[in-house]
Amino acid sequence: MGKYLASCVQYRLVIRDVSTLQILQLYTCLDQIQHAEWSADSMFILCAMYKRGIVQVWSLEQPDWHCKIDEGSAGLVSSCWSPDGRHILNTTEFHLRITLWSLSAKSVSYIKYPKACQKGIAFTSDGRHMALAERRDCKDYISIFVCNDWRLLRHFETDTQDLTGIDWAPNGCVLAAWDTCLEYKVLLYSLDGRLLSTYSAYEWSLGIKSLTWSPSSQFLAVGSYDEKVRILNHVTWKPIKELVHPVVVSSPKTVAYREVDKSQSVEPSQLTFPPPRGTPSSLFTVHSKYELVDVPVTLRTVKPDTDRANPELGIGMLAFSPDNRYLATKNDNMPCCVWIWDIQKMRLSVVLEQTSPVRSFHWDPVQPRLAICTGNSKVYLWSPTGCVSVQVPVEGE
């Protein structure tokens with residue numbers, strides 16, 4: 001695992017060795033690749049060409065072997081692997097059906113009425129079960145399948161107006177389903193389809209925007225448009241803490257970092273013409289660093305346009321650290337800030353304020369370290385010992 005790196009350049013798939021970056025295999029697809037995905041065991045890689053409704057599968061162990069799946073007139077909007085790495089699930093246009101292709105048995109089967117929503121397919125972490133959101137006769141349903149033979153285990157109706165997403169707890173025992181953003185509602189189901197609990201924080205206002213499980217399955221964090229995160233416990237499914245994102249952070253126990261740009265000028269005597277490859281094209285290389293800011297600190301906010309759909313408001317991103325110790329959040333109307341909460345003490349630990357809006361963040365799978373991207377040529381890393389800005393070398397601008 002982690003030995004190979006796949007990259008797509010238009011219709012070519014390039015496989016490289018991670019340690020040397022040498023090209024190991026070069027595959028040519030029938031059209032421009034729009035999606036590529038490794039199988040769980042890294043034996044195969046699929047390339048989806050949605051415009052043509054085609055999926056091509058390549059094998060690393062047997063370079064001569066390949067597979068082509070053509071959905072024909074039904075079209076193709078998404079393609080993914082099953083956890084066993086031997087089945088491909090293709091969703092056709094207008095979400096008419098999911099086509100299940102078996103590479104080992106060379107067979108095909110169909111699942112009708114998949115729902116077009118934010119997260120309509122969810123696999124348990126052990127790969128044994130798949131939950132699928134469905135829409136038929138103007139009602140929402142969930143079907144649970146056993147992945148080794150794809151038989152239907154349970155099929156039940158959900159008490160939702162417009163089911164938006166489903167997500168399994170990491171232990172595979174509980175399935176969370178949430179309703180449209182117009183209504184705050186989380187439903188929790190057991191593996192056999194029993195409704196364990198329903199939670200609603202408020203009514204008559206925009207509801208849930210993001211949701212994530214803690215790695216231990218003990219907590220369910222629900223982010224909403226009211227700029228709060230509610231942490232539900234796995235015993236009573238009631239909130240044990242509300243995490244508020246204020247404009248002014250005043251707690252003396254919170255550490256505040258602010259990114260500061262430092263322009264480094266270049267002496268005229270150091271300039272060469274033409275400039276060497278890999279050097280920034282600007283005369284001024286912008287470096288940045290973090291400065292500690294004394295609390296209370298006032299954070300930059302953006303006034304959302306509430307007359308437009310999907311306003312930049314509320315908790316848009318949530319992620320637990322793998323050790324269950326920290327929760328990182330982003331409040332969309334404070335787009336430059338990342339909030340890091342200590343889950344053991346249930347309080348705000350750190351606030352990072354970037355110069356640019358945060359595009360994404362991700363936890364290190366091994367240690368409590370958060371990587372943050374803002375769409376520039378830097379990667380920002382935070383750990384309990386401090387934070388750093390790392391310049392990524394790129395050619396040109």
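Here the structure is a predicted model, which means the values were calculated and not measured.
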Over 60° means perpendicular and under 30° means parallel, so classify the ring planes of [Y] and [X], tilted if in between.
X: W168; Y: H129; value: tilted
X: F156; Y: Y189; value: tilted
X: W363; Y: Y326; value: parallel
X: W237; Y: H234; value: perpendicular
X: Y380; Y: Y290; value: perpendicular

Under 3.5 Å donor-acceptor, [X] side chain and [Y] backbone:
X: N233; Y: K238; value: yes
X: W150; Y: C147; value: yes
X: S210; Y: I315; value: yes
X: Y184; Y: S224; value: no
X: E227; Y: G314; value: no
X: E37; Y: W81; value: yes
X: W101; Y: H87; value: no
X: R97; Y: K112; value: no

[Y] side chain reached by [X] side chain, heavy atoms, under 4.5 Å:
X: V77; Y: H95; result: yes
X: Y113; Y: D137; result: no
X: S214; Y: I343; result: no
X: T92; Y: L76; result: no
X: W38; Y: L60; result: yes

Using the rule that Ile, Leu, Val, Met, Phe, Trp and Tyr join whenever any side-chain heavy atoms are under 4.5 Å apart, tell me whether V229 and L370 fall into a single cluster. no
Nearest heavy-atom contact between G75 and E71 is O-CB, 3.5 Å
Determine the minimum heavy-atom distance between T164 and C117, stating which atoms define it. O-CB, 3.3 Å
Decide, yes or no, whether a salt bridge links [X] with [Y] under the criterion of side-chain N to carboxylate O below 4.0 Å.
X: D140; Y: K115; result: yes
X: D226; Y: K209; result: no
X: K3; Y: D17; result: no
X: D159; Y: K139; result: no
X: K289; Y: E259; result: no

Does the side-chain contact (heavy atoms from CB on, under 4.5 Å) test come out yes or no for S377 and Q391, once each step is laid out? CA-CA 6 Å; S377 60; Q391 185 78 29; 2.9 Å; yes
Of all pairs that satisfy salt bridge (Lys or Arg N to Asp or Glu O under 4.0 Å), the ones with a partner from residues 189-198, not counting sequence neighbours: D192-R194
All pairs passing side chain to side chain donor-acceptor pair (under 3.5 Å) where residues 313-324 contributes a residue, at least two apart: S216-N324, S321-D323
Checking side-chain contact (heavy atoms from CB on, under 4.5 Å) for the pair E242/I231: CA distance, chi angles, key distance, verdict? CA-CA 6 Å; E242 279 190 6; I231 308 285; over 6 Å; no
Knowing that exactly one of Y27, Y4, W65 qualifies, which makes a ring-ring contact (aromatic ring centres under 6.0 Å, His included) with F44? W65
Over 12 non-hydrogen atoms of neighbours within 6.0 angstrom of CZ in R136: yes
Test L313 against N331 for side-chain contact (heavy atoms from CB on, under 4.5 Å), laying out the working first. CA-CA 7 Å; L313 174 72; N331 186 9; 5.6 Å; no
Carefully, step by step, assess Q367 and S383 under the rule side chain to side chain donor-acceptor pair (under 3.5 Å). CA-CA 9 Å; Q367 55 181 304; S383 73; over 6 Å; no
So I15 and I23, side-chain contact (heavy atoms from CB on, under 4.5 Å) or not? Walk me through it. CA-CA 6 Å; I15 310 293; I23 295 176; over 6 Å; no
Between W341 and T329, is a side chain to side chain donor-acceptor pair (under 3.5 Å) present by the stated rule, with each step listed? CA-CA 8 Å; W341 307 81; T329 64; 3.0 Å; yes
Can you confirm whether the side chains of Q32 and Q10 place a donor and an acceptor under 3.5 Å from each other? no
With no hydrogens and no angle check, do the side chains of N333 and T301 hold a donor and an acceptor under 3.5 Å apart? no
So how far is it from K330 NZ to L352 CG, rounded to the nearest 0.5 Å? 14.0 Å
Can you tell me how far the CG atom of L175 sits from the CD1 atom of I144, to the nearest 0.5 Å? 6.0 Å
Verify side chain to side chain donor-acceptor pair (under 3.5 Å) between Q161 and D179, making sure each step is shown before the conclusion. CA-CA 7 Å; Q161 287 184 17; D179 210 339; 5.5 Å; no
